[in-house]
> 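For reference, the structure I am asking about is given below.
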Protein chains: 2
Amino acid sequence: MTPPKLLDENGLKEREKKILMAAIHLIREAGLENLTMDKVVAKVPFSKGTVYKHFIGKEDLLLAVSNHAIEVLSDLFYRAYEFKGCSRERMLLLNFSYLIYAILYPELFQAVICSKSQSVIGKASEQRLNEHDQLETKLLISIHGIVDAGLGDNSLTLPTNMNIQQLCFANWSMSYGAITLLSGEVESCSGRTDLIIERELLNHSNLLFDGMGWKPLSTEAKSCTKLTVALQTVFPDELALIEKKGRQLNFN
Amino acid sequence: MTPPKLLDENGLKEREKKILMAAIHLIREAGLENLTMDKVVAKVPFSKGTVYKHFIGKEDLLLAVSNHAIEVLSDLFYRAYEFKGCSRERMLLLNFSYLIYAILYPELFQAVICSKSQSVIGKASEQRLNEHDQLETKLLISIHGIVDAGLGDNSLTLPTNMNIQQLCFANWSMSYGAITLLSGEVESCSGRTDLIIERELLNHSNLLFDGMGWKPLSTEAKSCTKLTVALQTVFPDELALIEKKGRQLNFN
DNA sequence: TTTATAAAGTGACGAAACGTCACTGACGAT
DNA sequence: ATCGTCAGTGACGTTTCGTCACTTTATAAA
């Protein structure tokens with residue numbers, strides 16, 4: 001008569017992860033556009049009903065992938081944050097960690113972008129949406145920390161009419177725009193001939209930081225060579241993986 | 001034995017437009033995520049087969065909507081280009097014409113963003129893709145023209161390691177990032193509390209232009225009040241429409 | 001050990017949407 | 001009048017989604 005408690009909290013998490021990974025593999029192999037629940041179910045030792053116990057629908061699953069992606073990015077951001085260097089250098093490094101992520105995990109990057117659309121948000125579970133918000137906040141912590149450092153040592157002063165949050169967002173949206181438009185995921189962006197993403201990201205970052213008056217200004221410092229060193233120091237494995245992919249970061 | 005020529009070239013174009021408009025209405029009413037070919041067919045006095053004669057699939061139709069959207073934006077850009085004012089003012093105005101467009105035609109803005117994904121590009125017709133490229137090039141002409149003007153009167157100098165194309169792209173991707181992340185279409189972007197799109201677009205533009213050294217620098221000029229005047233001059237009808245929507249551009 | 005009970009798991013099924021294709025009918029040439 | 005061609009049609013096969021009636025499993029009570 002006593003209701004039996006059969007569910008293992010830990011096992012549940014593990015199973016959810018399994019489904020999640022299956023989905024990510026499918027996206028990597030065949031593209032987000034070819035992801036179907038039937039394929040996910042086929043790739044996993046559980047039935048459709050069980051999969052739907054974890055994810056209320058395809059969109060919910062996609063948002064879960066997106067959340068996982070943000071966690072991965074979050075780690076990269078934190079490592080950029082920890083770099084020993086001046087604040088402007090560190091922010092530049094953070095922007096490039098975003099690029100590394102977009103190159104290394106295109107399927108995750110794509111999932112995050114897609115999951116921002118109303119068609120996904122509208123069908124995801126409340127819980128997953130909350131998780132998403134929390135993760136995005138976590139993401140901002142590293143950015144915020146670097147800006148704080150800049151303000152602290154007076155290499156950066158808040159521009160008129162802007163607070164810290166706005167400054168952080170300016171950097172974020174700038175990187176987002178450049179990487180979204182130039183990373184391979186978005187095909188056919190005309191006027192994009194001869195534009196190399198790493199070079200433009202460097203340019204845009206420098207323009208923005210100079211506009212903020214973030215010292216040392218790009219006229220004073222060889223930000224390019226410094227960046228190369230910082231990247232090799234903080235993200236050696238990731239750079240190696242990128243080269244393995246036949247790609248190479250190239251500013252000149 | 002002689003093959004009869006029954007198709008009226010003009011009528012074809014007209015019919016295609018009709019289908020296109022039906023699709024746009026459906027998107028406006030029910031969102032892009034609820035657009036189906038069956039609904040389009042039902043809203044139009046032609047059969048499914050005929051609709052599929054014009055658009056080889058749902059994605060092709062979506063790209064057609066996107067192309068139409070770019071034409072609309074193209075017109076706004078050109079009007080900003082024509083404004084009598086200093087080059088920096090005009091570029092700021094152009095960025096805001098982009099915002100006006102995003103506010104006034106959210107369904108078109110959404111369609112353009114979505115149509116950039118591989119899932120759409122991959123299934124659209126070759127012809128439609130070419131058209132897309134051409135339209136995007138057309139879009140860039142106004143931007144290019146304003147930059148040229150700035151270079152011409154020495155209010156702007158090319159930053160080291162950047163050419164005109166790169167400069168144009170910097171402006172474009174900056175606006176794209178800010179508007180995409182802050183316009184209502186992308187829900188739930190955490191760290192977005194208290195961020196008002198028109199204020200941030202102004203901030204980002206000023207930071208970027210200052211970073212380029214585009215005179216007059218924002219410390220010298222009251223760009224805010226000047227922008228308000230320019231907007232009222234060039235886009236009075238659009239601003240009225242925005243107010244009709246219960247929205248109001250507000251920088252403070 | 002057996003039985004009762006509720007949670008967990010299953011996969012067949014109906015609904016919805018996509019895109020195709022065999023057919024119809026209209027029009028011009030002969 | 002007849003034939004050939006092509007635009008137009010919509011029923012149909014296919015895919016995918018998400019549900020739900022049913023089976024299995026695990027534990028507590030008898």
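Throughout, protein chains are lettered first and strands after them, A, B, ... in sequence-line order, and every chain is numbered starting at 1.
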> Counting just side-chain N and O atoms, does B/S47 come under 4.0 Å of either OP1 or OP2 of D/dG8?
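Answer no for this pair, as no side-chain N or O of B/S47 is under 4.0 Å from OP1 or OP2.
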> To the nearest 0.5 Å, what is the distance between CD1 on B/I197 and CG on B/L202?
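Between B/I197 CD1 and B/L202 CG, I get 11.0 Å after rounding to 0.5 Å.
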> B/E16 CD to D/dA7 C1': how many Å, rounded?
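That distance rounds to 16 Å.
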> Could you check how far NE2 of B/H54 sits from P of C/dG19, rounded to whole Å?
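My rounded result for the distance is 16 Å.
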> Residues in ring pair (Phe, Tyr, Trp, His ring centres under 6.0 Å) with A/F55, at least two apart?
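A/F55 satisfies ring pair (Phe, Tyr, Trp, His ring centres under 6.0 Å) with no other residue.
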> Should B/R15 be listed as having a side-chain N or O under 4.0 Å from OP1 or OP2 of D/dG8?
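Affirmative; the distance criterion is met.
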> Could you check how far CG of B/L12 sits from P of D/dC6, rounded to whole Å?
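Atom CG in B/L12 sits about 15 Å away from atom P in D/dC6.
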> In this structure, how many angstroms lie between the P atom of C/dG19 and the NZ atom of B/K53, rounded?
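Nearest whole value for this atom pair: 15 Å.
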> For A/F55 and D/dT16, what is the distance between atoms CZ and P respectively, to the nearest whole Å?
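Checked: the CZ to P distance equals 20 Å.
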> Could you tabulate the donor-acceptor pairs under 3.5 Å formed by side-chain atoms of residues 93-106 of chain B, not counting sequence neighbours?
| from | atom 1 | to | atom 2 | distance (Å) |
| --- | --- | --- | --- | --- |
| B/N95 | OD1 | B/N171 | ND2 | 2.9 |
| B/N95 | OD1 | B/S175 | OG | 3.0 |
| B/N95 | ND2 | B/N171 | OD1 | 3.0 |
| B/N95 | ND2 | B/S205 | OG | 3.2 |
| B/S97 | OG | B/L94 | O | 2.6 |

> Is it true that B/E33 and A/K58 make a salt bridge, defined as a side-chain N closer than 4.0 Å to a carboxylate O?
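Here B/E33 does not pair with A/K58 in a salt bridge, since their nearest N and O are not under 4.0 Å apart.
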> Say whether, by atom type as modelled, one donor and one acceptor occur between the side chain of A/H132 and the main chain of A/R128 under 3.5 angstrom.
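Side chain of A/H132 to backbone of A/R128: no pair is present.
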> Kindly indicate, with the supporting measurements, whether the criterion salt bridge (Lys or Arg N to Asp or Glu O under 4.0 Å) is fulfilled by B/E198 and B/R247.
CA-CA 11 Å; B/E198 55 264 30; B/R247 183 83 162 69; 3.0 Å; yes
> Heavy atoms within less than 4.0 Å of DNA chain C: which residues of residues 36-46 of chain B have one? Give them sorted by number.
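DNA chain C contact set from residues 36-46 of chain B: B/T36, B/M37, B/D38.
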> If only side-chain N and O atoms of A/K48 are considered, is one of them under 4.0 Å from the OP1 or OP2 phosphate oxygen of C/dG11?
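For A/K48, the contact criterion (side-chain N or O under 4.0 Å from OP1 or OP2 of C/dG11) is not met.
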> Would you mind checking if B/E238 and B/R79 are paired as a salt bridge, meaning a charged N to carboxylate O distance below 4.0 Å?
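Salt bridge: yes.
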> Atom CG of A/L61 to atom C1' of D/dC17: distance rounded to whole Å?
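It works out to 13 Å between those atoms.
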> Whole angstroms only, please: what is the OH-P distance between A/Y52 and D/dT16?
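Taking OH of A/Y52 and P of D/dT16, I get 12 Å after rounding.
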> D/dG18 C1' sits how many Å from A/I56 CD1, rounded?
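So the CD1-C1' distance, A/I56 to D/dG18, works out to 11 Å.
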